[in-house]
Amino acid sequence: MKSYLYFVLGIGYWIFLCYTLTMVEYNPAGIEKKWRERWEESNLYAVSSPKEKKKYILDMFPYPSGAGLHVGHVEGYTGTDVLSRFYRMRGFTVLHPMGWDAFGLPAENYAVKTGIHPSDTTHKAIATFKKQMQTMGFSYDWSRELGTHTPAYYRWTQWLFLILYKKGLAYRAKAQVNWCSSCQTVLANEQVVNGECERCHTQVVQKDMEQWFFRITAYAERLLKDLEKLDWPNSTKLGQIHWIGKSEGITITYDVYGSDQKIDCFTTWPTNWGASFLVLAPEHPSVEKITTPSEKAAVDEYLKTVQKRSESQRIKSREKTGVFTGSYAVNHVTGEKIQIWISDFVISHVGTGAIQACPGHDMRDFEFAKKFNLPIPRVVVGADGDTSTIERPEQVIEKGQTGKMMNSDFLNGMEYSEGIQKTKEYFVKKGWGKLVVNYKLRDWLVSRQRYWGAPIPMTFCDTCGWQVVADSDLPVKLPNDVDFKPTGESPLVYSKEFNSHVVCMKCGESARREADTMDTFVDSSWYYMRFADPNNTKNFADKEKLRQWLPVDIYVGGAEHTVLHLLYSRFITKVLYDEGYILFDEPFISLRHPGTILGPDGVRMSKSRGNVINPDDEVSKFGADTVRMYELFMGPFKDMKPWSTSGGQGIHRFLKKVWNIYSKQAFVKKSPQQVEKNLHKLIEKMTKDFTALKFNTAISALMEFVNSSATQLDKSSGKTFLLLLAPLAPYIAEELWETIGEPYSIHTQKWPGFDEEKIKNDVYTLAIQINGKLRATLQVESTITKDEACRKALLIDKIQNLVQNMTTNIIYVPGKVINIVTS
Ligand SMILES: [Zn+2]
Ligand SMILES: [Zn+2]
């Protein structure tokens with residue numbers, strides 16, 4: 001009987017012990033689920049209209065792929081989440097929405113392979129993405145969720161198209177366009193990277209096709225100039241400046257000898273006494289007219305070979321090719337007859353598609369002249385004084401180099417750049433040339449021969465031509481009865497649903513619908529505005545709501561969109577601004593790019609290398625709080641950095657340590673003064689670091705504080721510490737907030753302020769000795785470095801006089817003494 005009782009007591013003891021142990025154990029899975037549900041129930045992150053101050057903090061919305069979120073997404077989204085939480089705690093109303101850039105080729109290509117409809121794969125992928133984001137504890141206002149593939153959204157993408165069309169900013173034209181034979185569609189210039197399709201890396205070919213364009217070139221100067229207003233990474237601004245490609249130069253008109261043809265040549269750097277031949281692009285309209293009968297066969301042969309080369313191949317190629325037309329022009333200033341050639345290094349849409357070659361002073365022209373044995377006159381003498389015949393590349397004095405004019409009549413002896421300026425003036429005065437500004441930027445090709453996109457709201461009538469679809473008939477819905485096999489023609493051509501009962505707006509006769517769809521970059525060019533008012537059925541967004549929320553204050557996403565999304569969005573914003581729909585003319589005030597996360601092996605993550613880190617695996621190992629903190633702790637936010645498998649464990653240990661302190665509630669009665677001081681310094685640092693997106697240093701400071709001070713926290717400083725932790729690790733902070741008896745929710749509390757007095761550094765009196773004898777004293781802050789202390793000591797007149805012209809050796813005892821030993 002007695003032993004039975006002991007046995008029961010023993011069991012009871014063990015159950016008790018296990019119970020208390022599990023009570024204090026940090027169990028992320030349990031608490032994260034608990035708080036996620038609570039936050040969702042209480043709609044913690046939904047916002048209506050901004051109160052006094054607002055922040056619109058936005059991630060570039062993702063394309064929901066079947067692969068789910070990757071750690072790169074998580075890095076950027078955690079960064080904006082921390083900022084959103086931080087600014088909420090500082091009294092801002094924060095708009096922090098999420099949506100889906102859901103149209104696009106991958107879903108359609110998958111449908112081609114498997115027969116599964118893109119809308120099915122897209123919905124599934126969105127559900128996965130959303131669940132993963134919720135698991136990570138991202139504080140999005142899900143009541144504003146949008147998808148570009150929904151009729152409620154693309155109705156307004158179509159409206160946008162019509163706004164541009166009515167303003168003459170959308171037009172249809174036949175042009176040389178980029179064609180991806182694998183994707184079976186045309187591409188915008190911005191989507192061709194190194195001559196390849198940015199999606200599938202197939203070599204892009206040129207095709208003459210009639211397509212829809214947006215006239216972004218009409219905005220070139222404003223797109224360039226307004227970059228000054230933006231707080232964007234310099235490299236991104238430079239990327240756009242380069243892409244817009246403004247150049248100021250002169251177009252010089254040449255008469256073709258013995259013909260009434262004239263050829264315009266654009267140059268930014270006229271060295272005309274050295275112009276010794278002209279070169280036309282193979283597509284130049286004068287080619288046919290000026291080719292002489294004797295050269296015709298050779299020219300035709302050359303034109304054939306050129307067609308096979310893409311524009312970027314032509315630009316990159318070091319090997320110069322070309323053919324003589326048989327015709328001549330006359331050099332205005334020398335009166336000489338100069339040959340007219342054709343070469344594919346001249347691009348038809350760059351400048352005027354024709355150049356005057358000055359081979360002595362332009363390397364490309366030099367290479368061409370060398371290859372085809374054309375004259376190379378010298379009209380500039382460089383810094384080396386060499387005036388001999390130009391035969392080697394290093395003798396070519398190009399734009400930007402220094403030199404003096406020679407063999408150039410009245411310019412002789414002038415500085416090179418002045419000579420160029422005077423040439424321009426002279427040619428304008430003589431009526432031989434016109435000053436012009438040129439841009440490299442081309443119009444934006446927006447039509448695609450694919451299914452999974454927003455239909456272009458236009459119809460074609462044999463009598464009346466192209467007609468807009470009436471606003472009341474929007475959206476033009478994407479049909480379901482479609483065969484996805486890409487044929488080079490839009491799959492919509494064969495849809496019965498899409499093509500029945502189409503009538504011309506003007507004459508009422510039957511018409512056909514435009515079967516091309518819009519590029520997904522049109523969808524994403526305005527989505528940030530829709531978030532202000534995502535469920536509006538009357539307008540793309542309410543004007544007052546747009547005024548309240550826009551522009552975006554902080555925009556975070558990949559740098560790969562520099563000349564795509566980031567340029568297109570600026571253009572669309574300016575168009576809507578000009579039309580009076582919005583009051584801002586730049587969409588994104590501050591922009592930051594998170595750095596790429598490499599695999600643990602320091603190489604870009606890829607399936608084939610097997611170095612892909614799946615955020616889900618990391619969350620199931622450590623919990624979302626650890627993964628969030630680790631992603632931001634890895635290194636500076638904007639830097640490329642490798643994933644470390646042990647890094648997560650370090651953060652996890654830190655959170656466990658915090659957990660243990662709070663779950664024991666082992667607070668001291670009053671924190672020592674030093675701990676108070678450390679805490680206020682921590683508040684100051686984290687406030688500054690979060691504002692500057694320096695998450696990694698903020699986390700380091702937090703960890704240091706725990707190491708130095710965590711065992712000596714009183715209740716008040718313990719609360720403050722949790723507030724600082726809350727934006728980074730929202731789950732554990734919320735749980736511990738509850739543990740210490742504070743009311744729900746920590747995320748609606750105020751961010752702590754710091755006391756300037758408390759963080760002031762202590763001041764010491766430093767004794768200044770010379771050879772051990774006290775000569776002066778100095779008040780210094782405790783954090784002063786040895787160098788700084790010595791510099792200050794030597795600034796004292798008395799000390800300076802005593803050690804003048806002597807070799808000295810300095811012994812420094814921090815906080816006490818500087819002893820200057822002379823020898
Ligand atoms: Zn492609
Ligand atoms: Zn008609």
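Each residue takes its place number in the sequence, starting with 1. For ligands, and for the atoms within them, numbers begin at 1 and follow the listed sequence.
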Next item on the list: Give a rough value, rounded to 10 degrees, for the angle at the Zn ion (ligand 2) between atoms SG of C507 and SG of C464.
Entry: 110°
Note to self: What I want to find out is whether D226 reaches K574 closely enough, with some N-O distance under 4.0 Å, to be called a salt bridge.
What the structure shows: yes
Item checked: Electrostatic pair D344:K320 at N-O distance under 4.0 angstrom -> no
Check: Stepwise, does the side chain to side chain contact (heavy atoms under 4.5 Å, CB included) test hold for Y63 with T520?
Finding: CA-CA 10 Å; Y63 171 76; T520 56; over 6 Å; no
Check: How open is the angle at the Zn ion (ligand 1) from atom SG of C197 over to atom SG of C180, rounded to 10 degrees?
Finding: 110°
Margin query: Please determine whether C183 has a backbone or side-chain N, O or S atom lying under 2.8 Å from the Zn ion (ligand 1).
Written below: yes
Check: Does K130 count as lying over the ring of W142, i.e. NZ or CZ under 6.0 Å from the six-ring centre, within 45 degrees of the axis?
Finding: yes
